[in-house]
There are 2 protein chains.
Amino acid sequence: MSGPRKLKHRFEGYASRLTAPREAILEFLSKSSKHMSAKEIYASLHGSYPGIGLSTVYRTLDLLARMGIVTKLAIGDGQSRYEFKSKEKDEHHHHLICTNCGKIINYSEFLDEELGLVKKTEERLAKKYNFIIQDHNIEFLGICEKCK
Amino acid sequence: MSGPRKLKHRFEGYASRLTAPREAILEFLSKSSKHMSAKEIYASLHGSYPGIGLSTVYRTLDLLARMGIVTKLAIGDGQSRYEFKSKEKDEHHHHLICTNCGKIINYSEFLDEELGLVKKTEERLAKKYNFIIQDHNIEFLGICEKCK
DNA sequence: TATTAAATGGGAATGATTATCAATGTCAAT
DNA sequence: ATTGACATTGATAATCATTCCCATTTAATA
Ligand SMILES: [Mn+2]
Ligand SMILES: [Mn+2]
Ligand SMILES: [Zn+2]
Ligand SMILES: [Zn+2]
């Protein structure tokens, strides 16, 4: 069973169908390790799916984000970026972001300690603020190699 | 010497002046503990500074962010939010964000362990990726008390 | 005070995202 | 296979935050 198809059943609970455009977007995102804007995704798709509409790209990204299949991230320049969110724990990662050029580096080293502490903090915060914690973001901001 | 005035000298290095509109914005932000959009700041200022322009608010927020006096944050809804960034280490905080209503909670409990680990991770990442790390963000996403 | 550059406010322009809508596609019951 | 009930799509228009532009005002300095 190939990549995106595995996710078919996850669409059912959302009264949603795994249609051709959605599958194309999912297929594309699941292969990219970048953090791409809607317009970039739209442009990249023109080869494999000419005729797809930009609206559909936005709608699908929103749906996938609500489903927890992709992560939407805002680094503060004008546009949102999206990345496939793997279920494998070993692909969990955090970010290093260059405030000069916008470059985003995924890092997954040093996460063991980090995640242990995160889990503990999560529990404490959940109790204290009566909050259901579903996810976390950790990012380091600074100047990348090229921009130094 | 009152609040924002203490910052006057910091403007010099930026070839910038601490003008009346800038002082009004700074004064306002330094008193608020919220995370406000440009439009909200603009609206709030109409009492103390009628006639200020929205462009000036945007320009000033951008300047203050570049100077490191305010933090710009993007929670993913359409607009950026800003908050005064105190120099006191004891006011450093992280965020708990409700993905349903957008509520942002500052938390500064449990930071000692967190910051220790952050510092260590920072050093490792800086070396490995040849990156100058200047700041970090940690946020937990989930559902707030009201939205449960 | 005269000179000069920085800053301002208002309005127009830009650009990302959403809303609208007529046309299609899907699915299940007939 | 046909139909009816919806879900989805793509094109386009509308929205809305942010940036640009520029004539006018303000601050700094001599
Ligand atoms: Mn990433
Ligand atoms: Mn805060
Ligand atoms: Zn860079
Ligand atoms: Zn909430």
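Proteins come first, then strands; the chains are lettered A, B, ... in the order of their sequence lines, and each starts at number 1. Remember, predicted model here, so these are calculated numbers, not experimental data.
- Taking a cutoff of 4.0 Å between a charged side-chain nitrogen and a carboxylate oxygen, A/Lys103 and A/Glu145 do not qualify as a salt bridge.
- When the C1' atom of D/dA17 is taken as reference, atom CD of B/Glu40 falls 13 Å away, rounded to whole Å.
- Look at A/Ser80 and you won't find any side-chain N or O under 4.0 angstrom from OP1 or OP2 of C/dA16.
- Whole-Å rounding puts the A/Leu61 CG to C/dT18 P distance at 10 Å.
- For B/Ile25 and C/dG9, the CD1 to C1' distance is 12 Å, given to the nearest whole Å.
- Annotation: of the two residues near DNA chain D, A/Val57 and B/Ala38, the 5′-most nearest-nucleotide partner is A/Val57.
- Rounded to whole angstrom, the span from the CZ atom of A/Arg22 across to the C1' atom of D/dT8 amounts to 6 Å.
- Within a 6.0 Å radius of NZ in A/Lys148, more than 12 heavy atoms belonging to other residues, nucleotides or ligands are found.
- A salt bridge does not link B/Glu109 with A/Lys127: every distance from a Lys NZ or Arg NE/NH1/NH2 to an Asp or Glu carboxylate oxygen is 4.0 Å or more.
- Residue B/Arg59 is classed as a base contact, given a heavy-atom separation below 4.0 Å to a base.
- Distance from the side chain of B/Lys39 is smallest for D/dA17 among the nucleotides D/dA17, C/dC27, C/dG9.
- The side chain of B/Tyr58 places an N or O atom within less than 4.0 Å of a non-bridging phosphate oxygen (OP1 or OP2) of D/dT18.
- One interatomic measurement links the two molecules: CD of B/Glu23 to C1' of C/dA7, which rounds to 15 Å at whole-angstrom precision.
- When heavy atoms are screened at a 4.0 angstrom cut-off, B/Tyr49 is found touching the sugar-phosphate backbone but no base atom.
- With hydrogens and angles left out, the side-chain atoms of A/Glu40 and A/Tyr82 include no donor and acceptor closer than 3.5 Å.
- Two residues, B/Thr56 and A/Leu54, neighbour DNA chain C, and the one matched to the more 5' nucleotide by heavy-atom proximity is B/Thr56.
- Residue-to-nucleotide proximity on DNA chain D shows that, of B/Thr19 and B/Ser55, the 5′-proximal contact is made by B/Ser55.
- For B/Lys34, the NZ atom is loosely surrounded, since the number of other residues' heavy atoms within 6.0 Å does not exceed 12.
- Nucleic acid contact class of B/Ser37 (heavy atoms, under 4.0 Å, all strands): none.
- Atom pair A/Gln79:CD and C/dT18:P shows a separation of 13 Å (rounding to whole Å applied).
- For the pair B/Leu64 CG and C/dA7 P, the interatomic distance rounds to 12 Å; values are reported in whole Å.
- Taking atom CD1 of residue A/Ile41 and atom P of nucleotide C/dA16, one finds them 14 Å apart after rounding to whole Å.
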